[in-house]
Amino acid sequence: MQVLSVVCVNVNGIRAFARRGGLAWLGSVSPDVVCLQEVRATDEQLHAELDSAGLGDFHVSHAQAAAAGRSGVAILSRNKQSGIRSSIGKAEFADSGRWTEATIDSGVGSLTVVSVYIPKGEIDGPRREAKDRFLKAMSARMKTLRAAADKSNGHVLICGDFNIAHTELDIKNWRGNVGRPGFMDSERAVL
């Protein structure tokens with residue numbers, strides 16, 4: 001049986017993650033695929049950190065945010081990546097640094113991997129509306145990926161920081177968080 005090891009982590013800044021020993025830890029667990037969220041770096045900065053940690057041999061797809069020091073997602077893989085895409089198909093999120101996907105030969109067939117960082121949102125207002133639009137676009141893209149995988153006998157793996165707790169078991173103090181961003185019925189229904 002073929003085994004594929006995957007690590008998913010919100011690094012809260014790749015440079016800070018490296019200072020805290022996170023990149024050294026990644027090297028020690030030797031995963032096949034790594035999905036990162038909140039990279040908060042340019043391509044050059046990300047590659048410099050990976051190189052200095054001895055992880056420069058990973059293939060990388062990275063969607064950095066247009067706003068410096070914000071968001072950013074990446075996929076690192078031992079195997080070559082193809083079909084790299086940094087958009088969920090809606091122009092308003094094109095430079096948000098919240099979505100990247102890549103297809104790799106995983107040893108168990110074609111595998112499309114997604115690293116996503118869903119906006120936190122708010123109860124009402126423009127940020128809530130933006131999160132709802134993001135979730136709608138993400139759901140549409142996920143359906144497209146699933147259909148393509150079914151057609152080609154491939155697989156899809158979506159990892160990330162969803163900023164949504166699906167069930168009461170997924171959040172501390174769920175009663176105190178009912179109706180708050182990340183635990184609203186409308187968000188949970190998407191999952």
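Residue numbers run from 1 in the order of the sequence given.
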Q: With side-chain contact (heavy atoms from CB on, under 4.5 Å) as the test, would you mind laying out the steps for N163 and Y117 before giving the verdict?
A: CA-CA 8 Å; N163 274 317; Y117 177 43; 3.6 Å; yes
Q. Is there a path of hydrophobic side-chain contacts, each under 4.5 Å between heavy atoms of I, L, V, M, F, W or Y residues, that connects L145 with V190?
A. yes
Q | Residue pair V60 / H47, side-chain heavy-atom distance below 4.5 Å | A | yes
Q) So if you build clusters from Ile, Leu, Val, Met, Phe, Trp, Tyr with side-chain heavy-atom gaps below 4.5 Å, do V33 and V7 land together? A) no
Q.
Can you confirm whether R85 is buried at CZ, in the sense that more than 12 heavy atoms of other residues, nucleotides or ligands lie under 6.0 Å from that atom?
A. yes
Q: Please report the shortest heavy-atom distance between D124 and E122, naming the atom on each side.
A: O-OE2, 2.6 Å
Q) With a 3.5 Å cut-off and no angle check, do the side chains of E101 and T112 form a donor-acceptor pair? A) no
Q) If you round to the nearest 0.5 Å, how far is SG of C8 from CD1 of I158? A) 11.5 Å
Q.
Any heavy-atom pair between the side chains of Q37 and V11 that's under 4.5 Å?
A. no
**Q.** Verdict with reasoning, L36 to V73, per side-chain contact (heavy atoms from CB on, under 4.5 Å)
**A.** CA-CA 5 Å; L36 303 175; V73 291; over 6 Å; no
Q. Thinking salt bridges, do E49 and R15 make one under a 4.0 Å N-O criterion?
A. no
Q | Pairwise distance SG(C159) to CG(D161) - rounded to 0.5 angstrom | A | 12.0 Å
**Q.** Same apolar cluster: V29 and L23, side chain cutoff 4.5 Å
**A.** yes
Q: Evaluate side-chain contact (heavy atoms from CB on, under 4.5 Å) for R40 paired with I14, printing each intermediate quantity in order.
A: CA-CA 7 Å; R40 298 181 182 176; I14 194 70; over 6 Å; no
Q. Side-chain contact, heavy-atom cut-off 4.5 Å: D32 with S77?
A. no
Q) Does atom CZ of R70 have more than 12 heavy-atom neighbours, drawn from other residues, nucleotides or ligands, at distances under 6.0 Å? A) no
Q: Kindly say whether E92 contributes a backbone atom to a donor-acceptor pair with the side chain of S96 at under 3.5 angstrom?
A: no
Q.
Contact between V9 and F17 at the side-chain level, heavy atoms closer than 4.5 Å - yes or no?
A. yes
Q: Output the distance between atom CZ (F58) and atom CD1 (I75), rounded to the nearest 0.5 Å.
A: 12.5 Å
Q: Might you point out which heavy atoms bring S106 and G109 nearest each other, and give the distance in Å?
A: OG-O, 2.7 Å
Q: Establish whether L191 and V178 are linked, either directly or via other cluster members, by ILVMFWY side-chain heavy-atom contacts under 4.5 Å.
A: no
Q: Say whether R78 and S5, considering side chains only, have a donor N or O and an acceptor N or O under 3.5 Å apart.
A: no
Q: Any chance you could measure L4, atom CG, to I104, atom CD1, to the nearest 0.5 Å?
A: 6.0 Å
Q: Indicate whether any N or O donor in one side chain lies under 3.5 Å from an N or O acceptor in the other, for S71 and E38.
A: no
Q: Quick one: closest heavy-atom pair of R188 and T167, and the distance?
A: NH2-CA, 4.0 Å
**Q.** L26/V34 under side-chain contact (heavy atoms from CB on, under 4.5 Å): CA gap, chis, key distance, verdict
**A.** CA-CA 9 Å; L26 272 181; V34 179; 4.0 Å; yes
Q. Linking I/L/V/M/F/W/Y whenever their side-chain heavy atoms sit closer than 4.5 Å, directly or via other members, would V156 and F162 fall into one cluster?
A. yes
Q. Counting distance only, does the side-chain N/O of N177 pair as donor-acceptor with the main-chain N or O of R180 below 3.5 Å?
A. no
Q | Contact summary for H62 and S86, nearest pair of heavy atoms | A | O-OG, 4.2 Å
(Q) Tell me which one of K131, M184, K120 satisfies side-chain contact (heavy atoms from CB on, under 4.5 Å) with I164. (A) K131
Q) Within the side chain of R141, is there an N or O that forms a donor-acceptor pair under 3.5 Å with the backbone of K136? A) no
(Q) Once rounded to the nearest 0.5 Å, what's the spacing between atom OG of S115 and atom CG of N10? (A) 9.5 Å
Q) Rounded to the nearest 0.5 Å, what separation is found between the CH2 atom of W99 and the CD1 atom of I118? A) 8.5 Å
Q) Within 45° of the ring axis of F93 and under 6.0 Å from its six-membered ring centre, is that where the NZ or CZ of R98 lies? A) no
Q) Ignoring hydrogens and geometry, is there a side-chain-to-backbone donor-acceptor pair from N79 to D105 under 3.5 Å? A) yes
Q: Let me see the working for T42 and Q64 under side chain to side chain donor-acceptor pair (under 3.5 Å), right down to the final yes or no.
A: CA-CA 6 Å; T42 65; Q64 69 185 53; 5.0 Å; no
Q.
Strictly distance-based, threshold 3.5 Å: is any side-chain N or O of R128 a donor or acceptor partner for the main-chain N or O of I123?
A. yes
Q: Provide the closest heavy-atom pair for W174 versus F183 in the form atom of the first, atom of the second, distance.
A: O-CE2, 3.6 Å
Q) Between K90 and F134, is any pair of side-chain heavy atoms under 4.5 Å apart? A) no
Q. Is any side-chain heavy atom of L76 less than 4.5 Å from a side-chain heavy atom of L55?
A. no
